[in-house]
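Structure, as structure tokens:
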Amino acid sequence: MRKGAEILADELAVNGAEIVYHVPGESFLTALDSLTTRHPRIRSVSCRHENGAAQMAEAYGKLTGKPGIAFVTRSPGATNAVNGVHTAFQDSSPMILIVGQVKRSILEREAFMSYDFRTMFAPMAKWVGQIDDPARIPEFIQRAWATALSGRRGPVVLVVPEDVLEEKCDVAPSARPAVASHAGAPREEDLDRIFAMLAAAAKPLVVVGGSGWSETAREDVQRFATNLGLPVVTTFRRRDIIDHRLDCYVGEIGIGSNPTLLAHIREADFILMLNDALSDVNTIGAGYMEGFTLFSIPRPRQRVVHVMPDHGDLNRVFQVDLALAADNDATARALARRSATPRAEHADWTSTLRATLMKEREPQPCPGEIDLPGVMGWLRERLPEDAIVTNGVGAYATWSQRYFPHYRLHTQLGPISGSMGYSLPAAISAKIAHPDRVVVEFVGDGCFQMSSEELATAVQYGVNIIIVLFNNGLYGTIRIHEETRLEGRVNGTDLTNPDFLLLTKAYGAHGERVTCTKEFAPAFERCLAAGKPALIELVVDPEAIHCRYSLSDLRARRAARVPNEE
């Protein structure tokens, strides 16, 4: 006879759980206690906010390919975790959120902190289940694990009433871990069609993205592209899928992409899209956020092959020439093993796009006393290849997007979902999962303050990350929209910030402030040697709002469009 809490702990152990992120709540205290007493190897990390706990679980899933586990209590704990679940959904990250619920005897009575979580989470989770019988906990955990990992990966939410965790029953533990389903390999006739379209194309392009990439699949795709002289772009915030030193890598699509690259993509006559959705972010063709404009709707001008691990995103918006539900590893392996003759025309096309990327990487003048391209270049030279870099959301992220190349898989963590406050929880999660690797967080001043309380979590657990904070006193991305769409009228984007150095020291972390370029390198070295979490505040000129233009540039463009009425 075991309590439901003990059954739950045992099932997490059977499936190989390593870390549980949570903010402790009375509705699942027995589950935490059972994990501690029965499976002490499963690390328990107590966070400062449920959003932080959920984002840490999401980042773990994105980084490791295994479901990240978070526990939160009933509302408002569960409502605070919504943001992390949404990130996992849009970023295709495997995650299991376990929500404590009120006792079964008072359900449907609007009890204290109760809510219908199945309804609340349904639009943003692959599956939401409520466990009303402790004997069914093994069944639910096995299904949750397999669901999170099968097809297009994503989050699962399990709701557990408090008394279910207390009730005893006699049920056998699962005999083995859950097994995810796979879509299988593409058929030979489908491969024939792909290579026939490729042979007929003058300007082909391979696009890779999504989650669940293995080292083997990465190597296969790189070998396929290199052998045939094909250009490869990565989707938004998936830049680490391809080694940037390879001649086949030509850039990234998405928010802040190189306009010259996008112009070239419009010239392409064949697109092979692997493992990611043709979403609005991945089809921005003009402007700052004009999605679904890179290709025509519903039928792109180019011939398009779209391969995904399930059917959900195939032909959703763009009607393609060949839509395949196939496993990414199997597809990459099949492409790499196929015999085909390289074409000089393709190699020339790839060289043109590669030259565009190299031109893009050339440092440009940066307003203010801190040369941000120079800082990014120095960091790339200083950091080991396997260093993990995280970023949140904001125009500040364009500096690392443009000037910080990636060489190894699973070295970038950033939210496709657009979730501000992501980078600090993600950095903590990455460092806990890989304590031997350097983890650097890029974050803006507005973005940092949406999860800055998790710095206390980092200090408590000795998670020695390095935070590089861009402080320009602005919600930068929104200021860009104000400058371009509201004729420069400002509504709340100016920030009065705390003293970040004092705040950092108050948390018990090491702090540095950098006001000019020459101060950065020694400050970073001191952070590496500090033996504790560390933060470097970069005092950035507001003019350096984006890697492609300054505030003055935006205003000059606006003035050129608006007639002078005087």
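Quantities reported herein were computed from a predicted structural model and do not represent experimental measurements. All residue numbers in this chain count up from 1 along the given sequence.
Take E267 and apply the salt bridge (Lys or Arg N to Asp or Glu O under 4.0 Å) test, not counting sequence neighbours, and it matches K203. Residues forming a ring pair (Phe, Tyr, Trp, His ring centres under 6.0 Å) with F524 (at least two apart in sequence, or on another chain): W378, F520. Checked against side-chain contact (heavy atoms from CB on, under 4.5 Å), D386 has the following partners two or more places apart in sequence or in another chain: P384, R408, R437. In terms of the side-chain hydrogen bond (donor to acceptor under 3.5 Å, both in side chains) criterion, T350 has no residue partners (sequence neighbours excluded). With sequence neighbours excluded, no residue satisfies salt bridge (Lys or Arg N to Asp or Glu O under 4.0 Å) with R299. Remark: A509 pairs with L455, V459, T504, P533 by the side-chain contact (heavy atoms from CB on, under 4.5 Å) rule, at least two apart or across chains.
Judged purely by atom type and a 3.5 angstrom limit, D494 has no side-chain atom pairing as donor or acceptor with the backbone of L474. N282 places no side-chain N or O within donor-acceptor distance of the main-chain N or O of L278, the cut-off being under 3.5 Å. With hydrogens and angles disregarded, no donor-acceptor distance shorter than 3.5 Å links the side chain of R303 to the backbone of A200. Within the 3.5 Å criterion, the main-chain N or O of P367 finds no donor-acceptor partner in the side chain of E543. A distance-only check finds no donor-acceptor pair linking the side chain of T293 to the backbone of I284 [under 3.5 Å].
Rounding to the nearest 0.5 Å gives a distance of 4.5 Å between CG of D313 and CZ of R152. Between R479 atom CZ and L554 atom CG the span is 10.5 Å, to the nearest 0.5 Å. One distance of note links CZ of R558 with CD of E482; it measures 10.5 Å at 0.5 Å rounding. The CD1 atom of I428 sits 7.5 Å away from the SG atom of C47 when rounded to the nearest 0.5 Å. Atoms CD and OG1, on E219 and T226 in that order, are 9.5 Å from each other to the nearest 0.5 Å. Taking CD1 of I466 as the reference point, atom NZ of K431 lies at 8.0 Å (rounded to 0.5 Å).
For D553 and S550, the side-chain atoms include at least one donor-acceptor pair closer than 3.5 Å. Using modelled atom types and a 3.5 Å distance limit, the side chains of E454 and T457 yield a donor-acceptor pair. No donor-acceptor contact under 3.5 angstrom links the side chains of N51 and N80, judged on distance only. Side-chain contact check for S417 and T87: at least one donor-acceptor pair (N or O, by modelled atom type) lies under 3.5 Å. Side-chain contact annotation: Q302 with D269, donor-acceptor N/O pair under 3.5 Å absent. Side-chain atoms of N471 and N497 include a donor-acceptor pair closer than 3.5 Å. For the residue pair S451/Q55, the side-chain donor-acceptor check at 3.5 Å is not satisfied.
Of the options S93, S419, S429, a side-chain hydrogen bond (donor to acceptor under 3.5 Å, both in side chains) to E58 is made by S93 and by none of the others. Results of the side-chain contact (heavy atoms from CB on, under 4.5 Å) test with N258 over E360, Q401, K359, R361 single out E360 as the only residue that passes.
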Practice prompt. Tell me, with the steps shown, if Y422 and V393 meet side-chain contact (heavy atoms from CB on, under 4.5 Å).
Written response: CA-CA 8 Å; Y422 175 86; V393 174; 5.9 Å; no
Item to complete: Test R555 against E483 for salt bridge (Lys or Arg N to Asp or Glu O under 4.0 Å), laying out the working first.
Response: CA-CA 7 Å; R555 290 163 183 166; E483 295 289 344; 3.1 Å; yes
Worksheet item: What's the verdict on side-chain contact (heavy atoms from CB on, under 4.5 Å) for V82 and F121, showing C-alpha distance, side-chain angles and the deciding distance?
Response: CA-CA 8 Å; V82 163; F121 284 106; 3.9 Å; yes
Worksheet item: Are N275 and W213 close enough, and set up right, to give a side-chain contact (heavy atoms from CB on, under 4.5 Å), and what steps lead you there?
Response: CA-CA 9 Å; N275 200 49; W213 279 86; 3.3 Å; yes
Practice prompt. Please step through side-chain contact (heavy atoms from CB on, under 4.5 Å) for the pair V440 and V468, ending with a clear verdict.
Written response: CA-CA 7 Å; V440 176; V468 179; 3.9 Å; yes
Practice prompt. Might you work through the salt bridge (Lys or Arg N to Asp or Glu O under 4.0 Å) test for R513 and D499, ending with a clear yes or no?
Written response: CA-CA 10 Å; R513 178 175 289 126; D499 186 318; 2.8 Å; yes
Item to complete: Starting from the C-alpha separation in whole Å, work towards a yes-or-no answer on salt bridge (Lys or Arg N to Asp or Glu O under 4.0 Å) for E252 and R402.
Response: CA-CA 9 Å; E252 174 190 31; R402 181 171 180 178; over 6 Å; no
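Closest of all the heavy-atom pairs between S296 and F318 is O-CD2, 3.5 Å. Here the shortest heavy-atom pairing between G392 and R237 reads O-NH2, 3.2 Å. The two residues P204 and L198 have their closest heavy-atom pair at CB-CD1, 3.7 Å. Across all non-hydrogen atoms, the minimal contact from P405 to H244 is CA-ND1, 3.4 Å. The shortest non-hydrogen separation linking A397 to N391 is CB-ND2, 4.0 Å. When every heavy atom of E512 is checked against every heavy atom of R526, the shortest pair comes out as OE2-NE, 2.8 Å.
Considering only heavy atoms from C-beta on, I536 comes within 4.5 Å of C527 through its side chain. With contacts defined as side-chain heavy-atom distances shorter than 4.5 Å, the pair F270/V206 does not qualify.
Using a 30° and 60° split on the angle between ring planes, F470 and Y396 fall in the tilted class, from 30° to 60°. Ring geometry for H406 versus F404: interplanar angle over 60°, hence perpendicular rather than tilted (30 to 60°).
Annotation for E453: atom CD counts as buried by contact number, over 12 foreign heavy atoms lying within 6.0 Å.
A distance of 6.0 Å or more separates the ring centres of H86 and F89.
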